[in-house]
Amino acid sequence: MFIGEYGTQLGEKNRLAIPKKLRDQLNGQVILTRGYERCLIMVDSERWDALISEVNSRPLLSLNVRDTKRYLIGGAVEVEYDNQGRFVLPESLKDFGSIQEKVIFLGVGEWIEIWDEDRWKTKLDDLSKNVSDIAERLSEK
(Lines give C-alpha, C1' and ligand atoms only; values in the text may rest on other atoms or scores of the structure.)
Protein backbone atom coordinates (compact mmCIF):
# COMPACT_ATOMS: atom_id res chain seq x y z
CA MET A 1 0.00 0.00 0.00
CA PHE A 2 1.32 3.41 -0.98
CA ILE A 3 1.29 5.91 1.90
CA GLY A 4 2.92 9.22 2.71
CA GLU A 5 3.67 12.64 1.29
CA TYR A 6 7.03 13.35 -0.34
CA GLY A 7 8.27 16.63 -1.74
CA THR A 8 10.73 16.91 -4.61
CA GLN A 9 11.73 19.24 -7.43
CA LEU A 10 11.19 19.04 -11.14
CA GLY A 11 14.63 18.88 -12.70
CA GLU A 12 16.12 19.80 -16.03
CA LYS A 13 14.31 18.46 -19.07
CA ASN A 14 11.22 17.67 -16.93
CA ARG A 15 12.94 14.99 -14.85
CA LEU A 16 11.31 13.75 -11.66
CA ALA A 17 12.52 11.16 -9.17
CA ILE A 18 10.06 8.74 -7.60
CA PRO A 19 10.70 8.70 -3.82
CA LYS A 20 12.44 5.48 -2.79
CA LYS A 21 9.75 4.40 -0.29
CA LEU A 22 7.16 4.54 -3.06
CA ARG A 23 9.46 3.20 -5.78
CA ASP A 24 10.27 0.11 -3.68
CA GLN A 25 6.58 -0.87 -3.83
CA LEU A 26 6.25 -0.56 -7.60
CA ASN A 27 6.34 -3.89 -9.44
CA GLY A 28 7.05 -4.16 -13.15
CA GLN A 29 6.05 -1.56 -15.69
CA VAL A 30 4.89 1.81 -14.33
CA ILE A 31 2.01 3.75 -15.88
CA LEU A 32 1.39 7.48 -15.48
CA THR A 33 -1.90 9.09 -16.46
CA ARG A 34 -4.27 11.97 -15.82
CA GLY A 35 -5.82 11.92 -12.39
CA TYR A 36 -8.75 13.62 -10.79
CA GLU A 37 -8.64 17.19 -9.47
CA ARG A 38 -5.84 17.76 -12.04
CA CYS A 39 -3.22 15.63 -10.33
CA LEU A 40 -1.42 12.75 -12.04
CA ILE A 41 -1.83 9.07 -11.13
CA MET A 42 1.06 6.58 -11.10
CA VAL A 43 0.57 2.82 -10.73
CA ASP A 44 2.44 -0.34 -11.58
CA SER A 45 1.17 -2.75 -14.20
CA GLU A 46 -0.62 -5.02 -11.70
CA ARG A 47 -2.59 -2.13 -10.20
CA TRP A 48 -3.19 -0.67 -13.67
CA ASP A 49 -4.67 -3.98 -14.82
CA ALA A 50 -6.99 -4.02 -11.78
CA LEU A 51 -8.08 -0.45 -12.45
CA ILE A 52 -8.76 -1.11 -16.13
CA SER A 53 -10.58 -4.36 -15.30
CA GLU A 54 -12.89 -2.40 -13.01
CA VAL A 55 -13.66 0.08 -15.79
CA ASN A 56 -14.06 -2.72 -18.35
CA SER A 57 -16.55 -4.52 -16.09
CA ARG A 58 -19.03 -1.72 -16.80
CA PRO A 59 -21.21 -1.60 -19.93
CA LEU A 60 -19.58 0.04 -22.94
CA LEU A 61 -22.94 1.60 -23.79
CA SER A 62 -22.50 3.91 -20.82
CA LEU A 63 -21.11 7.33 -21.72
CA ASN A 64 -19.47 7.51 -18.28
CA VAL A 65 -17.52 4.33 -19.03
CA ARG A 66 -16.39 5.57 -22.42
CA ASP A 67 -15.39 8.95 -21.01
CA THR A 68 -13.48 7.33 -18.14
CA LYS A 69 -11.58 5.15 -20.61
CA ARG A 70 -10.78 8.20 -22.75
CA TYR A 71 -9.62 10.12 -19.71
CA LEU A 72 -7.50 7.42 -18.03
CA ILE A 73 -6.30 5.23 -20.87
CA GLY A 74 -6.06 7.92 -23.53
CA GLY A 75 -3.73 10.00 -21.39
CA ALA A 76 -1.59 7.13 -20.11
CA VAL A 77 2.11 6.62 -20.77
CA GLU A 78 4.51 3.88 -19.75
CA VAL A 79 7.26 5.32 -17.58
CA GLU A 80 10.87 4.24 -17.87
CA TYR A 81 12.89 5.18 -14.79
CA ASP A 82 16.55 4.72 -13.90
CA ASN A 83 18.12 3.17 -10.76
CA GLN A 84 17.52 6.41 -8.86
CA GLY A 85 13.86 6.49 -9.87
CA ARG A 86 14.28 9.38 -12.30
CA PHE A 87 11.98 9.63 -15.29
CA VAL A 88 10.99 12.26 -17.82
CA LEU A 89 7.57 13.75 -17.19
CA PRO A 90 5.81 14.05 -20.56
CA GLU A 91 4.97 17.63 -21.49
CA SER A 92 1.27 16.80 -21.97
CA LEU A 93 0.97 15.47 -18.41
CA LYS A 94 3.10 18.29 -17.01
CA ASP A 95 0.72 20.77 -18.60
CA PHE A 96 -2.37 18.85 -17.48
CA GLY A 97 -1.24 18.86 -13.83
CA SER A 98 0.12 22.42 -14.02
CA ILE A 99 3.34 20.97 -12.64
CA GLN A 100 5.85 23.71 -11.91
CA GLU A 101 9.09 23.48 -9.94
CA LYS A 102 8.02 21.92 -6.63
CA VAL A 103 6.23 18.58 -6.76
CA ILE A 104 4.44 16.38 -4.21
CA PHE A 105 4.24 12.59 -4.51
CA LEU A 106 1.30 11.36 -2.45
CA GLY A 107 0.75 7.69 -1.62
CA VAL A 108 -3.01 7.14 -1.36
CA GLY A 109 -3.34 3.39 -1.04
CA GLU A 110 -3.61 1.71 -4.40
CA TRP A 111 -1.97 4.49 -6.41
CA ILE A 112 0.42 7.41 -6.21
CA GLU A 113 -0.73 10.93 -6.97
CA ILE A 114 1.66 13.56 -8.30
CA TRP A 115 0.72 17.18 -7.57
CA ASP A 116 2.17 20.58 -8.21
CA GLU A 117 3.04 21.68 -4.66
CA ASP A 118 0.93 24.86 -4.71
CA ARG A 119 -2.08 23.00 -6.10
CA TRP A 120 -1.65 20.31 -3.40
CA LYS A 121 -1.47 22.93 -0.63
CA THR A 122 -4.71 24.46 -1.90
CA LYS A 123 -6.39 21.03 -2.07
CA LEU A 124 -5.12 20.05 1.38
CA ASP A 125 -6.37 23.33 2.85
CA ASP A 126 -9.80 22.65 1.35
CA LEU A 127 -9.79 19.08 2.66
CA SER A 128 -8.76 20.28 6.12
CA LYS A 129 -11.67 22.71 6.25
CA ASN A 130 -14.19 20.07 5.12
CA VAL A 131 -12.88 16.79 6.54
CA SER A 132 -15.66 16.48 9.13
CA ASP A 133 -18.36 17.00 6.49
CA ILE A 134 -16.66 14.50 4.16
CA ALA A 135 -16.49 11.90 6.95
CA GLU A 136 -20.14 12.50 7.79
CA ARG A 137 -21.22 11.98 4.18
CA LEU A 138 -19.21 8.74 4.00
CA SER A 139 -20.83 7.43 7.18
CA GLU A 140 -24.30 7.94 5.68
CA LYS A 141 -23.78 5.30 2.98
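Just so it is clear, the model here is predicted, and its values are computed rather than measured.
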Does the side chain of [X] reach to within under 4.5 Å of the side chain of [Y], using non-hydrogen atoms?
{"X": "P19", "Y": "L22", "value": "yes"}
{"X": "L26", "Y": "V43", "value": "no"}
{"X": "I99", "Y": "K94", "value": "yes"}
{"X": "I52", "Y": "I73", "value": "yes"}
{"X": "V103", "Y": "D116", "value": "no"}
{"X": "I114", "Y": "L16", "value": "yes"}
{"X": "E113", "Y": "Y36", "value": "no"}
{"X": "M42", "Y": "I18", "value": "yes"}

Strictly distance-based, threshold 3.5 Å: is any side-chain N or O of [X] a donor or acceptor partner for the main-chain N or O of [Y]?
{"X": "R34", "Y": "C39", "answer": "no"}
{"X": "Q25", "Y": "K21", "answer": "yes"}
{"X": "R38", "Y": "F96", "answer": "yes"}
{"X": "D44", "Y": "N27", "answer": "yes"}
{"X": "Q29", "Y": "V79", "answer": "yes"}

Original post:
Going by atom types alone, do W48 and E46 pair a side-chain donor with an acceptor below 3.5 Å?
Top reply: no
Subject >> Exercise: do E91 and N14 side chains pair donor with acceptor under 3.5 Å >> reply: yes
Original post:
Which of these passes side chain to side chain contact (heavy atoms under 4.5 Å, CB included) with W111: L51, L106, I41?
Top reply: I41
**OP:** Show your working on side chain to side chain contact (heavy atoms under 4.5 Å, CB included) between F87 and E80 and close with a plain yes or no.
**Re:** CA-CA 6 Å; F87 67 96; E80 300 286 333; over 6 Å; no
Original post:
Charged N to carboxylate O below 4.0 Å: is that the case for K129 and D126?
Top reply: no
Subject >> D125 with K121: basic N within carboxylate O range, under 4.0 Å >> reply: no
